Every structure is written in structure tokens, then in C-alpha cells.
There are 2 protein chains.
Amino acid sequence: MKNNRNKTVTIADVAREAGVSAMTVSRALREPDRVSAKSLKQIRAVIDRLGYVPDPAAQALAAGRTNVIGVIVPSVTNNVFADVMRGLYDAAGNTRWQVQFGNSRYSPLEEESLVRTFLNQRPAGLVISGIDQSEETRKLLRESSCRIVQIMETTDRPLDMLVGFSHIEGARAATRHLIGRGYRHIGFLGARLDPRTQRRLEGFRDVLQDAGMMDENRIVTTPQPSTVTLGGLLMADLLSRAPDTDAIFCNNDDLALGALFECQRRGLSVPADMGICGFNDFEMMASAVPPITSVRTHRQEIGKRAMRMMVDALEGREPDETLVDLGFEVIARQSTNRPRNAG
Amino acid sequence: MKNNRNKTVTIADVAREAGVSAMTVSRALREPDRVSAKSLKQIRAVIDRLGYVPDPAAQALAAGRTNVIGVIVPSVTNNVFADVMRGLYDAAGNTRWQVQFGNSRYSPLEEESLVRTFLNQRPAGLVISGIDQSEETRKLLRESSCRIVQIMETTDRPLDMLVGFSHIEGARAATRHLIGRGYRHIGFLGARLDPRTQRRLEGFRDVLQDAGMMDENRIVTTPQPSTVTLGGLLMADLLSRAPDTDAIFCNNDDLALGALFECQRRGLSVPADMGICGFNDFEMMASAVPPITSVRTHRQEIGKRAMRMMVDALEGREPDETLVDLGFEVIARQSTNRPRNAG
DNA sequence: TTGTATGCGTTATCAA
DNA sequence: TTGATAACGCATACAA
């Protein structure tokens, strides 16, 4: 296999052309203040003319660190994380830091392996989803000298920094909303029971148990990834098991939309016969017919804050808050607007 | 800023412990056949015991190349590319090649800058979306010695290898389908007019002009990214401009779903009063009420094929086909099932 | 403000 | 089959 090395312009070439030493060029790039205005001008001109770009591998090797900020998400196809990634990207945009994604596919083992791979590259920082890292992963991270931001959840004991919200509280609020709207036989539709999903189920259980309305028959879950079609299937399953169910809390919006479609196929009126509440508040929820109630989460904002926090920390501006809860909001829409005389 | 260098186990450590030279360890890792069975066993034991992992930066610097396959997509939030990325990931999974994503945000300039960044890392290969690279980008790519796979479109003159399908033909087929179903006043809803979208519009125009049914008034587009909500707005816009429109081709499925919701709000029957056809065939199309006709594209498969092709080429197994058209299928559903007596 | 010497961890080359 | 030596391109430490 041949080298991919082409017409490599090195720092030495620049130095020679500019009539200075390689070190001065190196400094001109990283600490321009410590180089005379004259040299700086010369060097910059030569760099432009020659099209010099530093070799990141050489930089990493010599400096013992990189400008890479690793990001570990459990999925690249899940819209939730797509939004988070956008936020992370946006905030990293005009900085000198470079974002690199890794996909753990919801597997703690793959996550551990990704962390190893990243740490081997001596990243400046690591953004990692959730708080359920394996003990080995936590050890690796603690022993590394790189900064860490956990995202999408919240806890009292973050590894380092954290930006997220409480899934259990989100689910509690949604469930309370359904009760408040007069629903009494409330079910739960859940797909892919990752840790966050499980916490939502936990919150749902809490509230229903307190209200004396809990019925395990109304909990329908599947390990498959959530889709709209699956929402319809789960809804059908629930209705066959517990036909008197009058409302559902779906652990995400895909399922909620699928459930709505299933109700339409069965001639069930939403919200009169069936109340529906989703989670995440994707934009389509607002324009469904009827519009679907959901728990809005601030996914892109979480990405932005996390990256800003990371960059601040890396650039020596230690953030005031290193544990941020961005919360959630129950967006009440027609799909849970139960008529007084219903049921 | 301190080093991120920790307890680094180097190849020299392994060599010492195994009683061989560093070169032999290096060979044991890359060309085990050229190392004696005895040394190999020793070395592997020591590697395990010490937990040695090669430093990628040092490898890149010394070897003049990396095992990185760069992937440039125009969006990470667009479901289309999320699916492609999944395919790429899947196919790269058990190889020695590492995938790295870059997001050009639909900007040829950002794409060019990404290409430069990637090429600076001496990637083994580059997967790049579309065929509309800037002249400068094309030049950079041609001058580089790395392999290239263009994806998601097709052309006679690929830069190197290519896996995709024809957007213009997809749109033509969809439009013919609508005509075949008896619709006569067909409109087009389009968002974010990227090159692929524009080709779909072109195909739409072709067919309608040939059929003598073209009416520019029925083309409604916006530069905004497509959403379900936007589909509803565009549909409303179209109906106010051309109230006698009896069918629409949407340049993607989000818009189609939004258009369906808008019809529901207006009491328009789909498919009797309005035929709706989407593009991409996301899974939700099948479970909408009524199910929505769409043009199925093989996004994940494109990713898989592209990565397999790349890996084969990199490992010296030059692929038989380097220009693959994976086609598309019009999936006819109830949303375009126009009753005989309608209109 | 600038430069020199040295090392980062690995691989290519060539000789043994 | 193995090893010694010399890069790879840059940054650190220190000296001037």
C-alpha cells in the first residue's frame, strides 16, 4: 500500500522561506503574541503562499494531546440524538476544537470500547450520553486527564460536568397531566427500554401508584426500537389486554403518532375515547390531527450548553455552573383535552 | 495546559518485556506471518498483560497514512442521511477501518473545508454525498491518493467509485404514477432545494410537460428545511393559489404527512379530493391514515454498499462494479388510490 | 523575541 | 526471521 503523502509542505519549508526557524513558525501559529510583528507578517504570507497546514498527527505526537472533543451517543438514527448533535456542532463551530462522534448503539460494552479508542487519541474532552457508564468506563474516565460532560440526564454525582434533565420528573409531570385531565385508566407504551426510557416508566409508575390507579396490565413495552408503526401495534396490544384504557403515555413521539393512527383506524375519538401524550415534543406533534400533547425537552440546547461548557473549561474559563438541569415542559394539546362528560 | 499523557505503554515496553526488538512487535501486529510463532506468542501475551494499544498519532506520522475513512454528509439531522450513516457504520463494523463523520450543512464551501481537513489527516478513503462538489473540491480529491466513493446520486462521470440512484427518474416515476391514477391537476411541494431536491423537481416538470399538464402555479417551494408543519403550510399555500389541485408530489415524506394533516383539517378526502405522494418511504408512511404512497429509496443499503466497496478497494480487492445504481420503487398506497368517479 | 537540541511512538529501509 | 537506524512533522524546555 502506498503512502498517502503528497506534496507535503512542512513547517520547515515555511521556516526556510520566511527566513526564520521552525520554532518561530510554530509559535506564530499558537502564540502569535510572542512573535514580532515583522516575523508574523512574513510567516503568514509564506503560509498562505505555500498553503501550509499543520499535520495533526505530528501535533498530537509532539504535544501529547489533540484538539479533538469526542462525543459518544447511543444512536445516530434516533432523532433525539440528532438534535443533540446539531447543538454540539453549532457550539463547536467557530472554536479551534474539533468534534468527533462515536456511536455506542445502546451498548455499555461498545461504549467502553469507544472510550478506550477515544482516550488513545488523547482527546481534549469527552461528551458522553447518560449516567449509566460501566464501572470500568467510569474508571477509565476518572483516570484520564480529559474533561468530561455527561448529557441528557441528571444526577448528584456527575463524573465531571453535566447538562441534562430528569426523565423521571418528565414522566411524572406527563402522568399527572393525564390524571388532571380526568383520565382514570392510563396505560404506558414503551419501546427500546434504555436507561432513560426505564426512568420514564418509573416516573409513570410512581404517580399512578400514588393515585391508586396503577394496573400492570396497561404497561406494554418492547425491546425493539420505536417507530410509528410500532406505536400502532403496541396500542392494539394494549386495547386487547385492557379495553377500558382511556389514555396512554408514550415514551416517545413516534409511538404516540402511531397510537393516534391506530385510534383513527378503529374509529376511536382522540381525546374523547383516548387521551394521548408523547415524549420529546418533536415538531410533528403540533401539526397532527388532533395536535398531540407531549413533554418538550431541550435537546439542541443541551448540546449547545454542553459544548460551550466544555470549550470554556478547556480554554481555562472554568464554568460557573458545571451541573445544569435544563428541565422540560408539558405542552398540553388537544389530544389530552378530555371532554367533561366523556367516559 | 497539561499533557493528557498518562501511563502510556509503548511498543518499546512490550519489546523489552518480550525480549525482542520494537520492530518485531510492530510486525507482530501488522504482518504476523512474518514473525516466528514463538515470538508471536510471547509478544501477544505481553501485549495482553500490559494492555498495550498503539498510538494512532504515531502510526499516522510514521506510516504516512491512517485507517480513517472520512464521510461527508450534508446533514446529521436529516433522517435520510441518518439511515445512510447507519449503513456505513454497519459495514465498517468489523473491519480495521475507522469511520469519521463530517457535516457540510448543505454548503459547498463547508464541504471544501471539510475535504481539506480530512485530507490533512491522510485518510485511507473518503465517502462523499452527491455529485455537486465545487471545482476546487474536485481538484483536491483528484490530486489526493485516497479512494473516493460518491453516494446518493448517480452520474456517468464519478470521481472514483459511486453508489446511488437517480432522483430525476424517481420523481418521473412518481409523477407518472399520479397521472396513471387519474389525477390531472398535480402540484409539487418542495423544501430546502438542495441539488437532489432540484433534480426531483426537474423530473416532475419533465413528465407533466410531456403530458401537457404543467402549471407553474402548482409548484410551491421554500428554502427552509422540511418539516411536517411546513408540509401543512405549503399545502395551504398551494390550495389558495390553485384550488383545483387534485394531487401533490412532495419532495419528501415529512411534507407529505403534513399535507395529509392539512387535508384532514380542511375536510378534504385523501385520496378522493387529493392524491398525495411522498419521497423516500419512511416507515411512518405505511401506517398513516390513509397509508401514503411514496418512492422508496435504499438509503441504508447505499451506505452498506458504499462502505463495502471502499473496504474492498482499500484491501486490494478491486470491486467488479464501481458504479452502482440501487434504484427506487414507487410504493403505491391508498393516498393515491383515486376513485373512478372522483373529480 | 528567537533558536537549538531533543523527544513524541511508530514504521520503512536495509542489513544481518 | 530479526534488528539497528533513521525518519515522520511538530512542540517542549531551555538557552541565547
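Quick note on labels: first sequence line is chain A, next is B, and so on, each numbered from 1. Keep in mind the model is a prediction, meaning the values are calculated, not measured.
Backbone-only contact: A/Asp33 has heavy atoms under 4.0 Å from sugar-phosphate atoms and none from a base.
The interatomic distance linking B/Glu31 (CD) with C/dT10 (P) rounds to 16 Å, in whole Å. Nucleotide D/dT1 holds its P atom 14 Å from the CE atom of B/Met23, rounded to whole Å. What separates CG of B/Leu50 from P of C/dG9 is a distance of 14 Å, to the nearest Å. In this structure, CZ of A/Arg122 is placed 18 Å from P of D/dC10, rounded to the nearest angstrom. Between A/Gln42 atom CD and C/dT2 atom C1' the separation is 14 Å, expressed in whole Å. In this structure, CG of B/Leu61 is placed 13 Å from C1' of C/dA12, rounded to the nearest angstrom. Between B/Ile11 atom CD1 and C/dC8 atom P the separation is 14 Å, expressed in whole Å. Distance, A/Lys41 NZ to C/dT1 P: 18 Å, rounded to whole Å.
The nucleotide whose nearest atom lies closest to any side-chain atom of A/Ser21 is, among C/dA12, C/dT2, C/dG3, C/dG3. Among the nucleotides C/dT1, D/dA4, D/dG9, the one closest to any side-chain atom of A/Asp55 is D/dG9. Distances were taken from every side-chain heavy atom of B/Ser36 (C-beta onward) to each of D/dT1, D/dA11, C/dT10; the shortest belongs to D/dT1. The side chain of A/Arg30 sits closest to D/dT12 out of D/dC8, D/dT2, D/dT12. Considering only the side chain of A/Thr10, D/dG9 comes nearest among C/dT2, D/dG3, D/dG9. Of the listed nucleotides (D/dC10, C/dA12, D/dT2), D/dC10 has the atom at the smallest distance from the side chain of A/Gln59. Among D/dT12, C/dA12, C/dG9, the nucleotide with an atom closest to any side-chain atom of A/Arg65 is D/dT12. Of the candidates D/dT2, D/dC10, C/dT2, the closest approach to any side-chain atom of B/Arg34 belongs to D/dT2. The listed nucleotides are C/dC14, C/dC8, C/dT10; the one nearest the side chain of B/Arg27 is C/dC14.
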### Task
List the steps, then state whether side-chain contact (heavy atoms from CB on, under 4.5 Å) holds for A/Val115 with A/Ile128.
CA-CA 9 Å; A/Val115 167; A/Ile128 187 164; 4.1 Å; yes
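Using a cut-off of 4.0 Å between Lys/Arg side-chain N and Asp/Glu carboxylate O, A/Glu136 and A/Arg116 are scored as salt-bridged. Ion pair A/Arg147/A/Glu318 flagged as a salt bridge, since at least one NZ, NE, NH1 or NH2 atom sits closer than 4.0 Å to an Asp/Glu carboxylate oxygen.
Checking B/Ala12 against A/Ala22, the closest nucleotide of DNA chain C that is more toward the 5' end is the one next to A/Ala22.
Side-chain N or O atoms of B/Ser75 include one that pairs as donor or acceptor with a backbone N or O of B/Thr77 at under 3.5 Å.
For the residue pair B/Gln133 and B/Gln150, a side-chain donor N or O sits within less than 3.5 Å of a side-chain acceptor on the partner.
Taking only side-chain nitrogens and oxygens, B/Ser26 comes nearer than 4.0 Å to OP1 or OP2 of C/dT11. Between A/Ser39 and C/dT1 there is no side-chain N or O to OP1 or OP2 distance below 4.0 Å.
Aromatic rings from A/Tyr89 and B/Phe101 are positioned such that their centres are separated by 6.0 Å or more.
With sequence neighbours excluded, no residue forms a ring-ring contact (aromatic ring centres under 6.0 Å, His included) with A/Tyr52. Remark: B/Asp194 pairs with B/Tyr106, B/Arg192, B/Arg196, B/Thr197 by the side chain to side chain contact (heavy atoms under 4.5 Å, CB included) rule, at least two apart or across chains.
In the helix from C/dT1-D/dA16 to C/dA16-D/dT1, the end axes, each obtained as the rotation axis mapping the C1' atoms of four pairs onto the next four within a five-pair block, lie 30° apart to the nearest 10 degrees.
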